[in-house]
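Have a look at the structure below before the remarks.
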Amino acid sequence: MISVVGIEFNCCSYCPISTGPLTSARLANSGSGGSRLRVAYQGVCGAYSESAAQKAYPNCEAVPCDQFETAFEAVEGWTVDRAVLPIENSLGGSIHRNYDLLLRHKLHIVGEIKYAVRHCLLANPGVKVNDLKRVLSHPQALAQCEYTLTRLGLVREAVDDTAGAAKYVALSKLEDTGAVASSAAAEIYGLDILAEDIQDDSDNVTRFLMLARDPLIPGTYRPFKTSIVFSLEEGPGILFKALAVFAMRDINLTKIESRPWRRSSLRPPGSCRCFHYMFYVDFEESMASDNAQNALKHLEEFATFLRVLGSYPADTTML
Ligand SMILES: O=C(O)C(=O)C[C@]1(C(=O)O)C=C[C@@H](O)C=C1
């Protein structure tokens, strides 16, 4: 239990208000230790990412981080053992920042977890829906509740995470501002739930990646997925040919994403192209299978860069 300006929060031991979640600057002094697996997530206690971390690694010590990048650095610097970070949402789409960070850092994807996100409209005790003029939350959460928030005519303001929004509304004792966050956040920060399940679609699922310093040894004992990132030469039909290496081997692609490639120093000399892309592809095959290995050997014929981000058990649960 943490007590701040007269308010007590039933929070985890990692985010005392005096210090807050881990930041890049504080990583060096936050050694690991103890026997439980330490798992970094972005946000504060009550964030969906914390619940996803607990679902991915039951009984873990979930360690809050202020930014996605801090979670990457915390794993790389041995402050924690794993990170669990969102990569895509069924309503809001991709979390682009984490695609870019996967490329910039050297962590391996060792698993995925799907988490059903159920948003609530929260406010301080006594505040009614009609009192609200403004609502705070993570941009993804605001996007997922577009319909309800528009109907209520609320001004939206983006903050770093849903639970952080709830905490701010509680600490500031705001009476005209609510938060979109989880029912867990309502309980932790002592807020009332004014409306439940306010996401635009009841099937609101966020897919999280489990990241580690070492890769998992791929198997074929259960359904595996593999995530890769590659870049291609410029030319007609090159992307078509690259994707054909999977189609001709009957390998199912589950996701494709393209992101700008910012490392202009690697552009061919004299090239006037400003728009270079990295392609991220997830496919349903283990790297332990000859089929996947042959597909990637074939892809290397067109790719100017290719990296396997991880081969890991697919989360096949129906939510
Ligand atoms: O803000 C949170 O609670 C988070 O865990 C972040 C996050 C995201 O980054 O997409 C995770 C799940 C939901 O889709 C909304 C927000």
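Quick note: numbers below take in every heavy atom, side chains included, and nothing from hydrogens, waters or symmetry partners. Whatever order the structure lists ligands and atoms in, that order sets their numbers, starting from 1.
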Would you say G43 touches ligand 1, if touching means a heavy atom closer than 4.0 Å? no
Interfacing atoms of ligand 1 (cut-off 4.0 Å, heavy-atom, N89): 14 (O)
Among all protein non-hydrogen atoms, which one is nearest to atom 12 (C) of ligand 1, and what is the separation to 0.1 Å? T206 OG1, 3.6 Å
Contact (N/O only, under 3.5 Å) between Q140 and ligand 1: no
Looking only at protein heavy atoms, identify the closest one to atom 2 (C) of ligand 1 and say how far it is in Å. T162 OG1, 3.2 Å
Just to confirm my output: which protein heavy-atom neighbour is closest to atom 8 (C) of ligand 1, and how far is it? H138 CE1, 3.6 Å
For the aromatic rings, using the six-membered ring if either is Trp, is the centroid distance between F230 and F305 under 6.0 Å? no
Looking only at the aromatic ring of each residue, does the gap between the centers of H119 and Y48 stay below 6.0 angstrom? yes
Show me, pair by pair, the donor-acceptor contacts under 3.5 angstrom made by side chains of residues 211-221, not counting sequence neighbours?
unit_1: R213; atom_1: NH1; unit_2: V75; atom_2: O; d: 2.6
unit_1: R213; atom_1: NH1; unit_2: V80; atom_2: O; d: 3.0

For atom 11 (C) of ligand 1, which protein heavy atom lies nearest, and how many Å away is it? F208 CZ, 4.0 Å
In the hydrophobic clustering (ILVMFWY, side-chain contacts below 4.5 Å, transitive), which residues join V127, or is it alone? L121, V129, L132, V135, L142, L149, L152, L154, V180, L194, I198
Report the part of D161 (side chain from C-beta onward, or backbone N, CA, C, O) that has a heavy atom under 4.0 Å from ligand 1; answer both or neither where that applies. both
Q144 heavy atom under 4.0 Å from ligand 1: yes
In the protein, what heavy atom is nearest to atom 4 (C) of ligand 1, and what distance, to one decimal place, separates them? S49 OG, 3.4 Å
Salt bridge or not between K167 and D161? Use side-chain N to carboxylate O under 4.0 Å. no
Classify the angle between the aromatic ring planes of Y115 and F208 as parallel (below 30°), tilted (30 to 60°) or perpendicular (above 60°). perpendicular
Going by an N to O cut-off under 4.0 Å, is there a salt bridge joining E76 and K106? no
